[in-house]
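These notes are about the structure you will find just below.
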Amino acid sequence: MSIMTGNAPRHPGLWTDTSIAGNQPWQHTGISSLASHSQGRQELSRLCPQLAQLSQQGRWIVLINAPASIGYKETLARAGVRMDRVLLVRTKDEVEALWATERALTNGTSSAVISWIDSLDARDNRRLQLVARNARAMGVVLETGRQAKEIDNRLNELTRSIH
């Protein structure tokens with residue numbers, strides 16, 4: 001049996017039923033940007049209970065450019081995240097990572113999207129805030145290089161003031 005809305009047939013694997021989707025707690029979205037001191041290891045550990053719960057809903061937990069060195073597989077598995085619902089995405093650069101983040105947040109097949117990005121400039125940050133308006137998943141951007149850049153900038157300012 002096919003349910004019709006307008007001229008478009010509904011199919012659970014292809015279209016999202018907005019009458020149901022709006023009532024799901026994971027539908028609230030927003031994008032959090034966090035400076036990471038540990039390549040995202042500590043932040044991922046703190047998110048694990050929520051990710052475990054979200055993975056039970058059958059949607060993807062998307063990890064974009066997660067560094068293998070932080071042991072994300074073990075961390076997620078230990079927390080009870082369904083590993084068959086984890087999708088690892090590797091991109092060639094920051095532009096692709098932001099595009100993948102945007103797509104994963106808005107396509108309706110993900111319940112959480114976590115991206116490892118060196119740093120966000122004001123333009124990229126604004127772009128993600130606009131994406132958050134249409135996001136259908138929880139989004140977290142872990143800025144792994146921001147703290148190092150801030151420290152470098154402070155050191156440069158300090159050395160300039162000395163000279």
Side-chain angles (χ1 to χ4, degrees), residues 3 10-121 124-150:
I3 299 172
R10 293 220 177 238
H11 185 280
L14 300 175
W15 296 280
T16 302
D17 185 351
T18 55
S19 65
I20 295 171
N23 296 325
Q24 298 293 331
W26 55 265
Q27 286 297 313
H28 166 336
T29 56
I31 300 174
S32 301
S33 177
L34 305 170
S36 177
H37 311 285
S38 62
Q39 286 191 311
R41 177 182 286 127
Q42 293 172 349
E43 293 80 6
L44 185 62
S45 292
R46 281 185 267 152
L47 290 169
C48 275
Q50 190 173 10
L51 295 175
Q53 200 172 25
L54 291 171
S55 71
Q56 301 306 315
Q57 297 175 351
R59 293 182 183 263
W60 293 109
I61 304 295
V62 181
L63 306 177
I64 300 173
N65 292 339
S69 62
I70 67 167
Y72 64 87
K73 290 178 187 176
E74 297 81 11
T75 302
L76 294 172
R78 202 174 26 246
V81 174
R82 281 183 52 195
M83 296 307 287
D84 64 326
R85 300 308 331 156
V86 175
L87 180 64
L88 182 62
V89 176
R90 296 274 181 223
T91 63
K92 66 180 179 183
D93 57 27
E94 300 273 315
V95 173
E96 268 191 16
L98 287 168
W99 179 85
T101 301
E102 180 179 341
R103 296 299 301 154
L105 285 166
T106 58
N107 70 10
T109 61
S110 307
S111 52
V113 179
I114 303 172
S115 296
W116 279 256
I117 293 179
D118 188 41
S119 65
L120 291 174
D121 61 18
D124 293 334
N125 195 20
R126 177 67 180 144
R127 175 181 171 189
L128 287 176
Q129 294 313 313
L130 291 173
V131 167
R133 293 180 182 175
N134 297 317
R136 308 186 81 165
M138 175 186 80
V140 177
V141 174
L142 299 173
E143 294 184 71
T144 56
R146 186 168 94 184
Q147 183 186 23
K149 286 182 181 178
E150 288 173 0

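In this chain, residues are counted from 1 in sequence order.
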Taking atom CD of Gln39 as the centre, report whether more than 12 heavy atoms of other residues, nucleotides or ligands fall under 6.0 Å from it.
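Atom CD in Gln39 is not packed in, count stays at 12 or less.
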Arg127, CZ atom: more than 12 neighbouring heavy atoms under 6.0 Å:
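Counting other residues, nucleotides and ligands, CZ of Arg127 exceeds 12 neighbours.
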Looking at every non-hydrogen atom in both residues, tell me the closest pair between [X] and [Y] and how far apart they are.
X: Gly40; Y: Trp116; answer: CA-NE1, 3.7 Å
X: Asp84; Y: Trp60; answer: O-CZ3, 3.5 Å
X: Cys48; Y: Thr75; answer: SG-CG2, 3.7 Å
X: Val113; Y: Ser110; answer: CG2-CB, 4.0 Å
X: Ser38; Y: Ile70; answer: O-CG2, 4.0 Å
X: Ser111; Y: Gln57; answer: CB-OE1, 4.2 Å

Which value, rounded to the nearest 0.5 Å, describes the distance between [X] atom [atom1] and [Y] atom [atom2]?
X: Leu105; Y: Ser115; atom1: CG; atom2: OG; answer: 7.0 Å
X: Arg78; Y: Ser45; atom1: CZ; atom2: OG; answer: 7.0 Å
X: Ile64; Y: Ile117; atom1: CD1; atom2: CD1; answer: 7.5 Å
X: Asn107; Y: Arg136; atom1: CG; atom2: CZ; answer: 9.0 Å
X: Met138; Y: Ile114; atom1: CE; atom2: CD1; answer: 5.5 Å
X: Glu94; Y: Thr101; atom1: CD; atom2: OG1; answer: 9.5 Å

Passing option when Glu143 is tested against Asp118, Leu120, Leu34 for side chain to side chain contact (heavy atoms under 4.5 Å, CB included):
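The side chain to side chain contact (heavy atoms under 4.5 Å, CB included) with Glu143 is passed solely by Leu120 among Asp118, Leu120, Leu34.
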Keeping the roles fixed (side chain from [X], backbone from [Y]), state whether a donor-acceptor pair exists under 3.5 Å.
X: Arg85; Y: Ile61; answer: no
X: Arg90; Y: Ala66; answer: yes
X: Ser55; Y: Val81; answer: no

Flag side-chain contact, heavy atom, 4.5 Å: Leu76 against Leu63
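Yes. Closest side-chain heavy atoms under 4.5 Å.
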Glu102 versus Leu98: any side-chain heavy-atom pair under 4.5 Å?
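No, side chains not in contact.
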Partners meeting salt bridge (Lys or Arg N to Asp or Glu O under 4.0 Å) with Arg126 (sequence neighbours left out):
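In terms of salt bridge (Lys or Arg N to Asp or Glu O under 4.0 Å), with neighbours along the sequence ignored, Arg126 is linked to no residue.
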List the steps and the verdict of side chain to side chain contact (heavy atoms under 4.5 Å, CB included) for Leu51 and Leu44.
CA-CA 9 Å; Leu51 295 175; Leu44 185 62; 3.9 Å; yes
Stepwise side chain to side chain donor-acceptor pair (under 3.5 Å) check, Ser36 with Glu43:
CA-CA 7 Å; Ser36 177; Glu43 293 80 6; 3.1 Å; yes
